[in-house]
Amino acid sequence: MIYIQNTTDFNSAIRSCEHMFSDQRFSAVTLGKFDGLHRGHQKLLNEIRRLQSMGYWGIVFSIAPDDRTALFTPEEKRHILERYGMDCMIRCPFVPDILGMEPEAFIADVLCRQLHAKYVVVGTDFRFGFQRKGDVDFLKKMQKKYNYTLLVMEKECYDGREISSTYIREALSGADMELVRALMGNWFPVEGTVLHGHQLGRKIGMPTINIRPDGYKLLPPPGVYYSDVILARDEASRMKNAVDTINAVYSDEINQFPGSPGQTMDRCTDEINAEVNMSSDRQFTDTGTALCHGITNIGYKPTVEGTFLGVETYLYGIHEDLYGADVTVLLRHFRRPEQKFASVEDLKAQMTQDIQSGKEYFGDK
């Protein structure tokens with residue numbers, strides 16, 4: 001997948017995907033913010049996949065400012081879109097080229113001339129162009145003039161409310177990971193590379209892995225969470241195998257199974273759980289990935305520059321050195337808030353309780 005992001009030279013960036021059209025193929029382009037990549041966004045992506053099956057290139061064009069916080073890092077978003085089989089993602093910040101572009105100029109120059117769009121797929125509230133003057137009605141009006149077809153996807157709702165990134169952020173801030181999953185279609189991910197910590201867990205017989213998420217990655221409140229953990233020795237392993245391991249991650253493919261969406265997600269999760277043996281060592285497979293359950297603590301850790309919000313996980317059945325391994329932590333359920341302990345013994349006692357509660361949560365006796 002071609003991935004273009006954070007460019008200040010928009011036109012040069014677009015040219016990096018021009019080779020896609022050397023065979024005269026046209027594209028299907030979906031536009032939006034794509035912050036949460038939630039079930040509403042997935043409707044857009046699934047429509048692009050349908051059009052890809054008809055021979056069109058699939059392009060995701062994300063128009064959004066660089067927020068101080070984000071539900072997904074660029075790498076996490078790239079992994080998800082590669083899982084969907086998108087051909088190209090353009091992550092376009094609010095550079096002057098875009099800020100000052102009139103809506104019709106954007107359609108004519110960017111969508112049609114540069115991206116060769118024959119289909120444009122958006123949500124009902126999509127807006128674009130100078131002072132956000134472009135909208136769905138304007139896109140409809142321009143269809144005949146610029147020879148493309150507009151497809152407008154209705155909003156997805158949950159519990160009587162439209163699914164949105166704001167809705168996800170609210171659920172995340174309340175540590176309601178089950179609600180986050182219902183809105184996103186899967187457990188909330190945190191990706192990173194295993195770093196050296198203070199090794200306190202190892203010293204007390206409960207070794208953990210530590211990752212440091214990007215500073216703008218939005219996380220739930222500090223505390224202890226039950227989690228699934230995907231381990232990958234390298235980036236290639238992650239891309240080829242890791243995301244396929246978990247229940248059709250971020251994909252409406254789950255709806256191909258019988259039953260309601262909630263029942264379907266539970267069924268997929270049960271299939272994962274059946275693969276995990278928490279009572280024995282879980283070694284890396286030939287594909288370079290492994291899946292296990294864990295207990296994750298999100299908390300503030302000291303550095304020479306101050307503090308950062310770290311993610312530390314105890315893994316069931318894993319006893320090998322994982323430093324340098326790429327991991328994806330999927331946060332499933334909030335157990336308790338972060339605590340300070342008077343002694344290492346008190347900490348160890350609480351960790352023992354957490355580990356046992358995790359076994360009960362995951363159904364391992």
Side-chain angles (χ1 to χ4, degrees), residues 175 177-178 181 186-211 213 219-220 222-233 237-238 241-247 249 265-299 310-336 338-339 341 344 347-365:
M177 307 315 297
E178 288 82 359
R181 182 199 187 201
N186 200 74
W187 305 113
F188 186 75
V190 184
E191 291 185 3
T193 301
V194 178
L195 306 171
H196 285 274
H198 296 296
Q199 298 189 338
L200 176 60
R202 187 173 300 277
K203 292 175 183 176
I204 63 176
M206 299 176 182
T208 59
I209 59 171
N210 290 270
I211 61 175
L219 294 172
V224 174
Y225 297 79
Y226 304 128
S227 59
D228 285 331
V229 182
I230 298 170
L231 312 173
R233 282 296 191 190
S237 295
R238 184 205 296 273
N241 303 288
V243 183
D244 285 329
T245 306
I246 52 180
N247 50 355
V249 174
M265 287 188 287
D266 289 338
R267 171 181 170 179
C268 293
T269 303
D270 290 342
E271 291 171 359
I272 294 172
N273 293 342
E275 296 178 5
V276 179
N277 183 354
M278 292 165 50
S279 62
S280 61
D281 291 356
R282 182 73 170 181
Q283 302 296 325
F284 282 91
T285 66
D286 292 339
T287 61
T289 61
L291 174 70
C292 60
H293 293 316
I295 296 286
T296 296
N297 181 76
I298 297 176
V311 177
E312 183 176 7
T313 303
Y314 171 87
L315 301 175
Y316 293 96
I318 297 287
H319 304 292
E320 59 186 283
D321 184 354
L322 296 175
Y323 293 123
D326 293 322
V327 304
T328 302
V329 178
L330 300 168
L331 301 173
R332 293 179 54 143
H333 179 77
F334 177 68
R335 168 165 165 74
R336 61 173 177 82
E338 186 179 32
Q339 295 176 240
F341 297 93
V344 173
L347 169 62
K348 184 175 181 179
Q350 182 60 63
M351 287 183 66
T352 300
Q353 292 179 26
D354 291 337
I355 291 169
Q356 181 57 40
S357 72
K359 290 183 177 180
E360 294 170 0
Y361 174 82
F362 291 116
D364 182 76
K365 304 305 180 183

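Note that these values count all heavy atoms, side chains included, but never hydrogens, waters or copies made by symmetry. The structure presented is a predicted model; accordingly, all values stated were derived computationally and were not measured.
Contact detail for P222 and G299: the closest heavy-atom pair is CB-CA, 4.4 Å. Here the closest non-hydrogen pair linking A175 and Y225 is CB-OH, 3.7 Å. Between L322 and V194, the shortest heavy-atom contact is O-CB, 3.3 Å.
Listed by chain and number, the residues in a side chain to side chain donor-acceptor pair (under 3.5 Å) with T296 are S227, T313 (sequence neighbours excluded). Residues passing the side-chain contact (heavy atoms from CB on, under 4.5 Å) test with Q350 are R335, R336, Q339, F341, Q353, D354, sequence neighbours excluded. Take Y226 and apply the ring-ring contact (aromatic ring centres under 6.0 Å, His included) test, not counting sequence neighbours, and it matches H333, Y361.
In this structure, NE2 in H293 is found 13.5 Å from OH in Y314, a value given to the nearest 0.5 Å. Summarising the geometry, atom CG belonging to D326 is positioned 10.0 Å from atom CD1 belonging to I211; distances are rounded to the nearest 0.5 Å. Note: L315 CG to I209 CD1 = 4.5 Å, rounded to the nearest 0.5 Å. Distance check: L347 CG to T352 OG1 gives 9.0 Å after rounding to the nearest 0.5 Å.
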Go through the steps to decide whether N297 and T208 satisfy the test side-chain contact (heavy atoms from CB on, under 4.5 Å), and finish with yes or no. CA-CA 10 Å; N297 181 76; T208 59; over 6 Å; no
Please step through side-chain contact (heavy atoms from CB on, under 4.5 Å) for the pair D228 and R332, ending with a clear verdict. CA-CA 7 Å; D228 285 331; R332 293 179 54 143; 2.9 Å; yes
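The backbone N or O of I355 sits less than 3.5 Å from a side-chain atom of Y316, completing a donor-acceptor pair.
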